[in-house]
Amino acid sequence: MTDSGLFDGSGPRTVRAACPHDCPDTCAMEVTVVGERAVKLRGAPDHPFTNGALCTKVSHYLERVYSPQRLQYPMRRVGAKGEGRFERISWDDALDIIAERYRTIAAEDPRAILPYSYGGTLGLVQGGSMDMRFFHRLGASVLERTICAAAGYAGWQATIGDGIGTDPEAISDARLILIWGANPVVSNLHGWRHMQAAKRKGARLVCIDPIRTDTAAKSDLHLAPWPGTDGALALAMMQVLIAEDLLDHDYIAEHTLGFEALAERVLGRTPEWAAGLTGLPAQTIRALAREYGREPQSVIRLNYGLNRCRGGGMAVRNIACLPALTGAWRHASGGALLSTSGNFPIDRHALERPDLYPDVARFPPRRINMSRIGEALRTEADPPIRAIHVYNSNPVAIAPDGTRVRAGFLREDLFCVVHDLFQTDTADYADILLPATSQFEHRDLHKAYGHHYLVDNQQAIPPQAEALPNTEVFRRLASRLGFDEPALRESDDEIAAQALDLRDNRALGAAPALAAQGWARLNLPRPFAPFARGGFPTPSGKCEFYSARLAESGLDPLPAWVPPLESPVSNPTLAQRYPLAFLSTPARNFLNSSFANMPRFLESEGGPKLDIHPEDASRRGIVDGMRLRIFNNRGAFHASARVTDRVRAGVVASPSIWWRKLSGDGENANAVTSSELTDMGGGPVFYDCLVEVEAA
Ligand SMILES: Nc1nc2c(c(=O)[nH]1)N[C@H]1C(S)=C(S)[C@@H](COP(=O)(O)OP(=O)(O)OC[C@H]3O[C@@H](n4cnc5c(=O)[nH]c(N)nc54)[C@H](O)[C@@H]3O)O[C@H]1N2
Ligand SMILES: Nc1nc2c(c(=O)[nH]1)N[C@H]1C(S)=C(S)[C@@H](COP(=O)(O)OP(=O)(O)OC[C@H]3O[C@@H](n4cnc5c(=O)[nH]c(N)nc54)[C@H](O)[C@@H]3O)O[C@H]1N2
Ligand SMILES: [Mo]
């Protein structure tokens, strides 16, 4: 793995790196190394999207790498589950214990072992290669990685076909930008730069968000719908576009499927109809639709904020229909963007090797939805989960309905391995706790979901203390379990070399630049206007207003209105007890629960907060700074009040995700969120949640 010869040089060296975090921007970085120590980090100045700038969190990355809180060596639990008391053991002992347990369980039914991972690193090597190969070979349960984008992606896929959209760099030429369920100032900073450039050239920015975020405040117009009602808003916009003939008839005729059925479907879905659901005035909705219909050089930057409610899949599907109606796709700067990831020709089969799964006949693969980990850990499961291996994730903090999640991890008969850089909330429940490397300490290669560049990550420094990369842990476990397939012995460099499907010109054309400069734009035409002449990657090759695939899976084949699970309109009885819609959106200084243990960022966030509208506050005798209890039938947590009209009346918001043990009361926002699932994709409904608030 580590060739110490690499680190002999004494003069400063520059190493090419990639930001590993779950963010659309996937920055290219340069690490300055002296001897074996990283001394400086900056955003790559030559990378067009990163443009030499890093966000606040990552610009302080050296503090994370050299944090005194880093796990130093493997440990074994000595206290009770959840207590977080451990004693040091050797790597050999730790891996022997794990291998022995996995061997015993697998002898009966390997599906009783569950890997649990998500976005700690988005690297193709450390985020989904040797780990997948190992668990496939073992025959473990297969984790459905749904916790973030599954619903929106499913809705987008039904309409557009794949994760392909407007080139984010071309957005600077758009004339009208709808920022819809997205907060780029916080969660897509480098994409925001292009929106600001468009604004300087005269574009209008319209932000659609229940919260007046910093993005909304910097836009020309802010519409604050009730959470989970975007599907209705988009249907009403389509109704106006069609009724007032603000359409590109040629584009519709040549490149779409099911227009007649769509037109019939939206009859009666007027702005007046949507007003009652969204809480937006009908004339505002009509004006938005007209403005959108009259400016075909328009782009919709939607993000995953609006997919975290029951109708999240359908909402994204409805919105994705809009640019085909106006012909906005004809322009490189027009159309819509949810994700760019479908452009990257990644060889998933080579990386993950599902063919290693041993005995499909005897143990038909069992799939577990990560968004329902609390339910999955109940002993009634068949077979019950007897071991869980957590890496790249912190489920005790980030998974919905946290009370149930914790109850699952508390099970005395559950063997729990946690591999992380830090002793997270989840780590406290580990039987064996393993130290992981940071991005500077291992090799990786990254695609992106918010731009079109591959970014390489070379190892810059040796692993700190006894930390090991994910890949190395699984190589060593494979060897202990006697798995002798060559795929389970490959080095990180060998894995990285297989990540791209070089039969595809988008990758082949990028490979030389990637090797030479550490990053490369996919070999895509410039300007990149993916659907200017149709060619949608759907079964029909058209933008599918009508989706036969949805019909086949028993879903509504046409755009529709799917109400939220929890709202005063859809569930008035529940709303009598818990009248406020609760949002737990990303805190600027945290990245999910990553960085939420770093002193600098804990200080900037200054403790859990709840934004509440003055009307809702005064009705409850709440004043600014008061300690609040936020609760519903699932649980409760505490936060201090920020009385502000940044949230619309009826909505409260708490920037997240706090570590439970660092929040003051041992709880966080996921004490109240629900583990129900979305209409498509099996995603979570974090933002579909009613609560009541009282002074603590
Ligand atoms: N600083 C920072 N950056 C991050 C993250 C982080 O934690 N911190 N997380 C990263 C990850 S994993 C992801 S998935 C992305 C998340 O970033 P986004 O995909 O942008 O999603 P959110 O921030 O969850 O929500 C975006 C906005 O949608 C609004 N919203 C919520 N519900 C609704 C709704 O029903 N309708 C509408 N129209 N708007 C709604 C929220 O108020 C929020 O301001 O950001 C990534 N970047
Ligand atoms: N209430 C509420 N809950 C939410 C959300 C919300 O908006 N509100 N957002 C949801 C979303 S969009 C997402 S994507 C999920 C994110 O949930 P997760 O993907 O679990 O993200 P993090 O909380 O950042 O935890 C990642 C962990 O991986 C560790 N890690 C980093 N690099 C490595 C590595 O190389 N190896 C190993 N072994 N570990 C590593 C980090 O230290 C960190 O503890 O949370 C979801 N939960
Ligand atoms: Mo996410």
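Remember, it's 1-based here, ligands and their atoms both numbered in the order they're listed. A quick note: this is a predicted structure, and the numbers were derived from the prediction, not measured.
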S.K.: Would Pro586 count as being in polar contact with ligand 1, using the rule that some N or O on each side must be under 3.5 angstrom apart?
M.R.: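 The answer is no, given that Pro586 and ligand 1 share no N or O pair closer than 3.5 Å.
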S.K.: Just to be sure I'm reading this right: ignoring hydrogens, which of Gly120, Ser654, Ala596, Cys23 gets closest to atom 32 (N) of ligand 2? Compare them by their nearest heavy atoms.
M.R.: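 Nearest option to atom 32 (N) of ligand 2, by heavy atoms: Gly120.
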S.K.: Is there any N or O on Asp22 that sits under 3.5 Å from an N or O of ligand 2?
M.R.: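 No, no N or O pair falls under 3.5 Å.
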S.K.: Does any N or O atom in Asp230 lie less than 3.5 angstrom from one in ligand 1, N or O only?
M.R.: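 Indeed, backbone or side chain, Asp230 has an N or O that close.
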S.K.: What do you reckon, does Gly119 put a non-hydrogen atom under 4.0 Å from ligand 1?
M.R.: no
S.K.: Under 4.0 Å from a heavy atom of Asn394: which atoms of ligand 2 are those, numbered in the order shown and with their elements?
M.R.: 20 (O), 25 (O)
S.K.: Short N/O distance, under 3.5 Å, between Ile398 and ligand 2?
M.R.: yes
S.K.: Based purely on interatomic distance, does Tyr304 place a nitrogen or oxygen under 3.5 Å from a nitrogen or oxygen of ligand 1?
M.R.: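 N/O-N/O distance below 3.5 Å exists for this pair.
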S.K.: Backbone, side chain, both or neither: what part of Asn470 comes under 4.0 angstrom of ligand 2, heavy atoms only?
M.R.: side chain
S.K.: Of the listed options (Phe686, Trp658, Tyr687), which comes nearest to atom 46 (C) of ligand 2 when hydrogens are ignored and any heavy atom counts?
M.R.: Phe686
S.K.: Check if Ala587 has a non-hydrogen atom at a distance under 4.0 Å from any atom of ligand 1.
M.R.: yes
S.K.: Does His442 approach ligand 2 within less than 4.0 angstrom via side chain, backbone, both or neither, non-hydrogen atoms only?
M.R.: side chain
S.K.: Do me a favour and list the nearest non-hydrogen protein atom to atom 44 (O) of ligand 2 with residue, atom name and distance?
M.R.: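 Ranking protein heavy atoms by distance from atom 44 (O) of ligand 2, first comes Asp420 OD2, 2.7 Å.
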S.K.: So, is Ser593 polar-close to ligand 2, with some N/O to N/O distance under 3.5 Å?
M.R.: yes
S.K.: Just to be sure I read this right, does ligand 2 sit under 4.0 Å from the backbone of Ala436, its side chain, both, or neither, counting only heavy atoms?
M.R.: side chain
S.K.: Answer with yes or no whether Cys309 contacts ligand 1, where contact means a heavy atom under 4.0 Å from a ligand atom.
M.R.: no
S.K.: Mark up the atoms of ligand 2 that fall under 4.0 Å of a heavy atom belonging to His419, in ascending order.
M.R.: 37 (C), 38 (N), 39 (N)
S.K.: Measure Arg64 to ligand 2 on non-hydrogen atoms and call it side chain, backbone, both or neither using the 4.0 Å cut-off.
M.R.: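 Within the 4.0 Å criterion, Arg64 contacts ligand 2 through side-chain atoms alone.
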S.K.: Enumerate the atoms of ligand 2 whose separation from the nearest heavy atom of Ile657 is less than 4.0 angstrom.
M.R.: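 Those of ligand 2 that fall under 4.0 Å from Ile657 are 3 (N), 4 (C), 5 (C), 45 (O), 47 (N).
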S.K.: Out of Ser393, Gly127, Ser438, Ser117, whose heavy atom is nearest to atom 27 (C) of ligand 2?
M.R.: Ser393
S.K.: State whether the shortest distance between N or O atoms of Tyr118 and N or O atoms of ligand 2 falls below 3.5 angstrom.
M.R.: no
S.K.: Considering the heavy atoms of Thr424, write down every atom of ligand 2 situated less than 4.0 Å from one of them.
M.R.: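 Heavy-atom distances to Thr424 below 4.0 Å select 44 (O).
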S.K.: So, does Lys57 sit close enough to ligand 1 that a heavy atom of it is under 4.0 Å from the ligand?
M.R.: yes
